[in-house]
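Note that this is a predicted model, so its numbers are computed, not measured.
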Amino acid sequence: MYVFLLVLHNFLRWVVLLSAVAALVAVYRGIIQKRSWGTFERASGIAFTSSYGLQIVLGLVLYVISPLGMRALGMLMTTDIREVEVVFFGAFHIFVMILAFVPAQLGYSLSKRAEANGRKYMWAAVGYSLGTLGILVAIPWWRPLLRMF
């Protein structure tokens, strides 16, 4: 079960990143071209925030069932944090990913509620950009890019 969830989490990372790129392209294209907020902007925002939310839930489940997650939690509680991987997955990765979800979700929610197109694009651009930046910082790039069973 653990290996399956780890592979799924790895695969979903790419879905989140691709949907983030689609949302950012839609938003910045709309800003540059002064377009009306439309279906593509809305759908790309939904795809980004939904896949990101699912990724966080899956990551939290992995944290609980992972031997690395439990070991990291134990080491962080005893302040024995000499291993970089333990600190990264025990604290940094999970904290930054959850923290980066907040502006991404706020960007979507506030753009949905805004009346004017300019406001919609502004909220979405700021939220999606900050969320994507957080994701890029917190991804363990040294691990396999495509993990297989």
Side-chain angles (χ1 to χ4, degrees), residues 1-66 68-70 72-73 76-77 81 84-149:
M1 177 74 147
Y2 167 69
V3 173
F4 172 74
L5 290 177
L6 190 61
V7 170
L8 185 61
H9 188 66
N10 182 272
F11 172 74
L12 192 54
R13 156 182 42 178
W14 298 108
V15 173
V16 171
L17 285 174
L18 287 174
S19 63
V21 167
L24 288 168
V25 166
V27 167
Y28 284 106
R29 182 185 69 173
I31 290 171
I32 291 167
Q33 296 177 354
K34 304 217 184 292
R35 297 168 52 103
S36 294
W37 187 266
T39 306
F40 182 67
E41 289 80 7
R42 184 175 173 274
S44 63
I46 289 171
F48 175 43
T49 56
S50 298
S51 62
Y52 194 5
L54 179 60
Q55 180 74 328
I56 286 177
V57 170
L58 190 57
L60 290 172
V61 170
L62 267 173
Y63 190 78
V64 171
I65 68 170
S66 164
L68 180 61
M70 289 296 101
L73 188 59
L76 289 172
M77 296 304 232
I81 55 171
V84 171
E85 195 167 73
V86 169
V87 173
F88 183 83
F89 287 108
F92 181 78
H93 179 70
I94 194 167
F95 178 74
V96 173
M97 286 297 190
I98 291 171
L99 187 64
F101 181 70
V102 173
Q105 184 62 51
L106 274 173
Y108 173 75
S109 297
L110 293 172
S111 68
K112 187 170 76 169
R113 288 178 179 82
E115 301 273 335
N117 282 324
R119 286 270 185 212
K120 287 179 181 289
Y121 281 115
M122 189 242 351
W123 284 120
V126 170
Y128 300 166
S129 296
L130 290 173
T132 303
L133 180 64
I135 291 169
L136 292 173
V137 166
I139 287 178
W141 293 105
W142 67 88
R143 286 209 151 177
L145 295 180
L146 287 173
R147 184 181 293 270
M148 298 297 164
F149 292 96

Rounded to the nearest 0.5 Å, the CD1 atom of Ile31 sits from the NZ atom of Lys120 at a distance of 13.5 Å

Measure the CD-CH2 distance between Gln55 and Trp14 for me, rounded to the nearest 0.5 Å.
11.5 Å

Exceeds 12 heavy-atom contacts within 6.0 angstrom, atom CZ of Phe92:
yes

Determine the minimum heavy-atom distance between Phe101 and Gly53, stating which atoms define it.
CE1-N, 3.6 Å

Tell me if the CD atom of Gln33 is crowded by more than 12 foreign heavy atoms within 6.0 Å.
yes

May I ask you to decide if Leu136's main-chain N or O and Trp141's side chain share a donor-acceptor pair within less than 3.5 Å?
yes

Minimum-distance pair of heavy atoms, taken over all atoms of Ala124 and Val27:
CB-CG2, 3.6 Å

Do Phe48 and Thr132 have side chains that get closer than 4.5 Å, going by heavy atoms?
yes

Student check: side-chain heavy atoms of Glu41 and Tyr121 closer than 4.5 Å
yes

To the nearest 0.5 Å, what is the distance between CD1 on Ile56 and CG on Leu62?
13.0 Å

Heavy-atom check, side chain of Tyr2 versus side chain of Leu5, under 4.5 Å
no

Within the side chain of Tyr128, is there an N or O that forms a donor-acceptor pair under 3.5 Å with the backbone of Val21?
no

Please name all residues satisfying salt bridge (charged side-chain N to carboxylate O under 4.0 Å, His left out) with Arg119, sequence neighbours left out, ordered by chain then number.
none

Indicate yes or no: at least one non-hydrogen side-chain atom of Leu60 is less than 4.5 angstrom from one of Ile94.
yes

Kindly check if the number of other-residue, nucleotide or ligand heavy atoms within 6.0 Å of CH2 (Trp123) is above 12?
no

Looking at Arg13 and His9, would you say the former's side chain and the latter's main chain have a donor-acceptor pair under 3.5 Å?
no

Minimum heavy-atom separation for Ala23 to Gly45, with atom names?
CB-N, 4.3 Å

Closest non-hydrogen atom pair, Ser36 against Asn117:
CA-ND2, 3.4 Å

Between Gly134 and Ala100, what is the shortest heavy-atom contact and its length?
CA-CB, 3.7 Å

Taking side chain to side chain donor-acceptor pair (under 3.5 Å) as the cut-off, I'd like each qualifying pair that reaches into residues 16-30, sequence neighbours left out, listed once.
Ser19-Ser51, Tyr28-Ser129

For the side chain of Ser50 and the backbone of Ala47, is there at least one donor-acceptor N/O pair under 3.5 Å apart?
no

Quick one: pull up CG in Leu8 and CG in Leu54 and give me the separation to the nearest 0.5 Å.
7.5 Å

Taking side-chain contact (heavy atoms from CB on, under 4.5 Å) as the test, write out the residues that go with Met97, two or more places apart.
Tyr52, His93, Ile135, Ala138, Ile139

